[in-house]
Amino acid sequence: MDSLRIRQSFHGFFEGAGHRRVPSASLIPPGDATLLFTNAGMVPFKDAFLGSEAPPAPRCVSVQRCVRAGGKHNDLDRVGFTRRHHTFFEMMGNFSFGDYFKKEAIAFAWEYLTKTVGLSPSVLWVTVFTDDDEAAALWKSVAGVDPSRIVRLGEKDNFWQMGNTGPCGPCSEILVDQGPAFSCGRPTCAVGCDCDRYLEIWNLVFMQYDRNDAGVLTRLPRPSIDTGMGLERLASVLQGAESNFETDLFLPLMEAIGKNTRIPYGRGKGEKDFAYRVIADHVRASTFLVWEGLVPSNEGRGYVLRRFIRRAMQFSLDLGLPTPFLPDLSRRFSELMASPYPELSAGMDRVVSVLASEEERFMKTLETGLPLVQELAQAAKKRGEAVLSGEELFWLYDTHGIPVDVVMDWAAPLGVTLDTEGFTARMGEQKEQGRRSWTGGRPTFPVPASRLSAPVLFEGYERLESSGRLLLLVSGDREIPSAREGEEIWAVTDVSPFYPEGGGQVGDRGRLVAPGGAVEISGAYRPYPGWIALRGTVTTGTVSSGETVRLEVDRSLRAGARVHHTATHLLHAALRKVLGAHVRQAGSLVLPDRLRFDFSHGEPISESKLREIEATVNLWIGEGAPVGVSEKSKAEALSGGAMAFFGEKYGDRVRVVEIPGMSVELCGGTHAGSTSEIGSFFILSESGVAAGTRRIEAVAGASATRTAIEWREELLRIREELKVPSGRILDRISADRSERESLERELASHKSRLFDLETETLLADSFEAGGLRILVADIECRDLADLRLRMDILKGRIPKGAVILAGRSGGDRVLLLGWASSDLEKRFPVNVWVRTMAQTLGGRGGGRPLWAEGGGSPPPSWPDFLREIRSAMRDAAENAQGGS
RNA sequence: GGGGGGUUAGCUCAGUUGGGAGAGCGUCAGGAUCGCACCCUGAAGGUCAGGGGUUCAAAUCCCCUACCCUCCA
């Protein structure tokens with residue numbers, strides 16, 4: 001049975017049993033900072049299991065794409081070296097939200113495996129949690145499993161929990177006995193063994209408890225079911241494959257890789273097969289992640305993606321794969337997935353370009369690395385060591401991104417070996433340091449989500465003022481009954497016109513007025529789905545929980561946010577129109593006075609394109625198109641061409657913001673009623689924010705007007721300063737500049753003539769001592785550069801001797817410059833004299849024997865000062881000669 | 001969030017205990033050539049990322065900020 005038919009049969013089987021089929025959600029979990037990627041089939045249903053959100057239906061079935069890497073369960077290094085580990089996989093699951101429970105779940109699973117896909121009961125085993133007699137009995141009565149094939153395992157294997165608190169329960173796994181050939185051969189090999197003989201294929205979670213802060217379990221009134229079966233594993237069993245990689249999901253990729261290498265894939269037996277597996281696995285993960293809008297970067301999810309790509313490339317070196325190879329493989333993979341994921345093909349141009357650019361970047365990294373390694377190798381051999389130290393290897397990897405395996409390949413021909421142990425030790429330190437500095441993500445809200453029995457009713461689309469009941473006050477890390485003037489608090493009401501920060505739009509500010517006091521609201525947030533928490537400071541009196549309060553949103557700030565949000569949609573549409581459909585939103589910030597929009601695009605945008613984009617938005621504003629908001633089913637919205645981005649959930653009803661003929665987007669934000677309300681729109685800047693992502697900052701509405709006024713004011717001041725009519729400013733500036741240039745040239749030529757003349761006067765002041773010509777003089781001089789010009793001339797006139805010039809700038813500073821001819825380095829080092837002079841002048845100085853500089857304050861009398869110095873230098877010169 | 005490295009001419013980069021901002025390529029002008037690439041001569045082009053500090057003197061040393069590369073969480 002091929003993988004496509006497995007997916008179909010799974011969907012079909014559970015649809016036939018009354019389940020709603022839900023499409024795979026995004027790999028990037030929406031609004032969940034604690035989770036790097038969707039790593040299990042139940043992730044999109046997390047809020048439904050927690051009870052903070054309604055499930056799409058009481059019974060659901062999905063085939064969810066998942067990525068597992070980074071975080072707690074980091075299997076990245078094992079992928080490719082085992083038969084079963086993947087970074088990307090598909091999880092098939094059926095779910096019950098307080099509908100059916102153990103009995104049905106067991107019946108469904110058994111029937112699907114034994115009837116639908118035809119596995120023989122004789123190869124199946126099941127495990128249950130130690131004291132779950134109920135499940136054990138059901139396996140016997142419902143499925144007819146022989147009690148000797150029902151194994152009880154402990155908490156580690158058969159108890160599941162989402163987090164430290166919340167829903168949890170025992171689970172039960174179905175295993176396939178693949179036969180002795182797959183066994184590790186140990187006499188103890190049995191169900192529960194790590195090896196491949198007893199392969200766990202399906203995990204049924206019986207969510208029947210709620211665990212509270214103290215760890216106490218209470219029975220849930222309506223227990224739920226969450227199951228998960230890896231598509232790759234089932235495919236491998238049904239196709240009689242030796243590993244997940246020998247299935248129709250992977251073999252075409254192996255073939256595509258093999259076409260360009262000399263070392264063929266040996267179906268798990270070949271010497272370099274692990275490289276094939278790593279590459280194929282990582283291509284699958286990277287393709288989907290990039291397709292979902294993720295871009296390689298040096299932090300968070302983007303970094304994990306980068307590691308997939310670079311790791312694949314590293315293994316490609318083992319196979320001698322010619323680069324670039326990722327684009328072709330990624331395309332091949334998208335063809336394989338075209339049937340289950342028809343939407344994939346539309347984004348593949350972008351995926352390929354992102355992968356190609358990361359591949360190119362890493363090649364560049366490696367190129368810069370080779371000379372570094374050569375240099376280190378040479379230095380090591382010079383020391384007679386012929387070993388690259390752990391510290392050096394760490395530096396190469398940590399600072400320059402050169403993996404040790406790559407260094408290893410280069411090192412052999414250079415005749416050096418590597419201290420890999422030292423490297424591993426140093427790497428361990430780095431990891432430890434990273435862990436220590438981990439602060440635990442963003443601060444969590446002090447009260448649990450279960451504190452609220454119903455979601456806060458958001459009224460902010462319709463009105464900016466309303467009244468509601470104050471349900472909850474929080475100060476510091478605990479809930480309080482009331483708050484006094486000056487206290488900083490969180491307030492939660494049953495109804496709220498305040499828009500909570502989300503979808504890029506900043507939260508509203510405003511006021512909360514209670515019978516005996518008022519709170520200045522500085523922001524509104526959404527700590528949990530369905531919540532609106534107001535952050536503020538009590539400005540007068542006292543407010544108490546339970547009171548009825550007036551809620552007033554700051555109108556002008558909200559108005560600013562509205563026009564900037566609508567302008568953002570127009571900007572997005574204009575970017576797609578001018579630059580192309582590859583433009584996808586990558587981040588957005590909507591503030592009352594400006595907006596910032598990040599999007600996927602490979603290169604800087606030319607000035608003329610920017611003007612075109614800006615003009616397009618302004619044209620649309622001028623058309624005064626109505627902004628329509630409607631609620632639709634998600635399918636309806638998407639088929640109507642709405643732009644959807646990662647970060648969306650299964651939620652059945654979605655809010656669609658449509659500007660006819662211009663833009664359709666799913667959006668929860670607040671918008672202008674008509675594009676004409678935006679007034680005008682100016683792009684302030686365009687810049688790069690990461691490889692493949694550009695950022696535009698812009699202003700609209702009142703902010704745009706204010707910006708235009710500022711520009712005009714500045715222009716007026718320039719006009720006034722230059723005293724020219726408008727339109728002549730540039731002419732004037734260029735005329736001024738060429739005039740300045742010609743004056744500078746003239747000045748330079750005058751100076752040089754002046755210095756020539758001056759030279760004669762100065763030389764007349766010089767004297768001869770001990771065979772040296774010595775000159776010490778003070779001159780009027782603005783800066784060091786002028787002193788140097790004079791010195792250059794004097795140098796040409798004195799074949800053997802020394803010169804010290806003291807430049808008087810007219811102020812309270814004196815500059816000193818000293819020079820000695822090249823044979824005097826030992827005999828008459830001028831830096832000593834400059835230092836002495838500078839010290840006498842209350843400053844300091846020094847330099848090299850033949851060239852020195854210094855500074856200080858003017859002496860009380862120049863003639864006295866110079867006389868003393870000259871006489872000291874004369875003595876020194878004569879003595880030095882006598883001594884030599 | 002924590003480390004390491006970086007930011008100097010349009011581009012690629014050098015700049016060694018702090019002491020006169022450079023090279024190659026590119027651009028422009030002139031020369032040479034039937035012509036082109038090459039070649040020869042010359043010129044333009046710099047807030048040494050930004051800010052603060054130390055110093056007589058900072059591209060250089062110290063601190064802060066921004067951005068880029070890279071590793072870890």
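For the numbers below, each heavy atom of this structure counts, side chains included, while hydrogens, waters and symmetry mates do not. For clarity, every value in this text was computed on a predicted model and none was experimentally measured. To find a chain, count down the sequence lines: A is the first, B the second, and so on, and within it residues start at 1.
- Using a 4.0 Å heavy-atom criterion, one finds that A:G401 contacts the sugar-phosphate atoms exclusively.
- The aromatic rings of A:F828 and A:W833 sit parallel to each other, their planes meeting at less than 30°, with 60° as the upper class boundary.
- If you measure from atom CG of A:L787 to atom P of B:G20, you get 13 Å, rounded to the nearest angstrom.
- The nucleotide whose nearest atom lies closest to any side-chain atom of A:W851 is, among B:G19, B:C71, B:U55, B:G19.
- As a whole-Å value, the separation of A:Q314 CD from B:U70 P is 14 Å.
- B:C67 and B:G6 make up a base pair, with Watson-Crick or G-U wobble contacts both under 3.5 Å.
- Taking every side-chain heavy atom of A:Y397 into account, B:C71 is the closest of B:G20, B:G5, B:C71.
- Among the heavy atoms of the strands lying under 4.0 Å from A:G845 is at least one base atom, whether or not backbone atoms are also near.
- By the criterion of a centre-to-centre distance under 5.5 Å and near-parallel planes under 30°, the ring of A:W395 forms no stack with the base of B:G4.
- As rounded to the nearest Å, B:G22 and B:G45 have P atoms that lie 14 Å from one another.
- In terms of phosphate contacts, A:R835 brings no side-chain nitrogen or oxygen within less than 4.0 Å of OP1 or OP2 of B:C56.
- For B:G26 and B:C11, the P atoms lie 15 Å apart once the distance is rounded to whole Å.
- A:N831 has its CG atom 18 Å from the P atom of B:A57, to the nearest Å.
- Taking 4.0 angstrom as the limit, A:R306 places a side-chain polar atom (N or O) nearer than this to OP1 or OP2 of B:U70.
- With hydrogens and angles left out, the side-chain atoms of A:S389 and A:D419 include no donor and acceptor closer than 3.5 Å.
- Of all nucleotides listed (B:A73, B:G19, B:U70), B:G19 comes nearest to the side chain of A:E853.
- The aromatic rings of A:F315 and A:F274 sit perpendicular, their planes meeting at an angle over 60°, well past the 30° parallel limit.
- Within the shown strands, B:C13 is the pairing partner of B:G22 under the Watson-Crick or G-U definition, both distances less than 3.5 Å.
- For A:L372 and B:C69, the CG to P distance is 18 Å, given to the nearest whole Å.
- Within 4.0 Å (heavy atoms only), A:G846 reaches at least one base atom of the nucleic acid.
- The distance from atom CZ of A:R301 to atom P of B:A73 is 17 Å, rounded to the nearest whole Å.
- If you take atom P in B:G10 and the same atom in B:A44, they sit 15 Å apart, rounded to whole Å.
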Q | Trace of the side-chain contact (heavy atoms from CB on, under 4.5 Å) decision for A:L289 with A:F308 | A | CA-CA 10 Å; A:L289 289 174; A:F308 290 164; 3.7 Å; yes

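- At the phosphate of B:C69, OP1 or OP2 sits under 4.0 Å from a side-chain N or O atom of A:R361.
- Listed nucleotides: B:U55, B:G5, B:C71. Nearest to the side chain of A:R844: B:U55.
- Look at CH2 on A:W833: it is 20 Å from C1' on B:G19, rounded to the nearest Å.
- Under 3.5 Å, the side chain of A:Q430 and the base of B:C71 form at least one donor-acceptor pair of N or O atoms.
- Between the C1' atom of B:C69 and the CD atom of A:E358 lies a distance of 11 Å, rounded to the nearest Å.
- Within the 4.0 angstrom heavy-atom criterion, no nucleotide atom of any strand lies near A:M791.
- Taking atom P on both B:A43 and B:A49, the two are 26 Å apart, rounded to the nearest angstrom.
- B:A29 is paired with B:U41 under the criterion used here, namely a Watson-Crick or G-U wobble arrangement in which both key atom distances are under 3.5 Å.
- Of the residues near RNA chain B, A:R426 and A:K431, the one whose nearest nucleotide (by heavy atom distance) lies more toward the 5' end is A:R426.
- In this structure B:A58 sits in no base pair that meets the Watson-Crick or G-U test at under 3.5 Å.
- In terms of position on RNA chain B, the residue among A:G856 and A:T365 whose nearest nucleotide sits closer to the 5' end is A:G856.
- For B:G20, its base sits under 3.5 Å from the side chain of A:D792 at one donor and acceptor pair at least.
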Identify all side-chain donor-acceptor contacts of residues 839-851 of chain A below 3.5 Å with residues at least two apart in sequence or on another chain.
| unit_1 | atom_1 | unit_2 | atom_2 | d |
| --- | --- | --- | --- | --- |
| A:T840 | OG1 | A:T836 | O | 2.7 |
| A:W851 | NE1 | A:E853 | OE2 | 3.2 |

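- Base contact: A:K795 has a heavy atom under 4.0 Å from a base atom.
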Please list every donor-acceptor pair under 3.5 Å in which a side-chain atom of residues 396-404 of chain A meets a protein atom from a residue at least two apart or in another chain.
| unit_1 | atom_1 | unit_2 | atom_2 | d |
| --- | --- | --- | --- | --- |
| A:D398 | OD1 | A:Q430 | NE2 | 3.0 |
| A:T399 | OG1 | A:W395 | O | 3.4 |

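- Taking atom C1' on both B:A66 and B:G50, the two are 7 Å apart, rounded to the nearest angstrom.
- B:U55 and B:C61: their C1' atoms are spaced 10 Å apart (whole Å).
- Remark: the A:N298 side chain and the B:U70 base include a donor-acceptor N/O pair separated by less than 3.5 Å.
- Comment: A:R310 does not engage A:E359 in a salt bridge, judged by the lack of any side-chain N to carboxylate O separation of less than 4.0 angstrom.
- Using a 4.0 Å cut-off between charged side-chain N and carboxylate O, A:K364 and A:E367 make no salt bridge.
- Using C1' as the reference atom, B:A21 and B:G2 are 37 Å apart when rounded to the nearest Å.
- If you take atom P in B:G5 and the same atom in B:U47, they sit 27 Å apart, rounded to whole Å.
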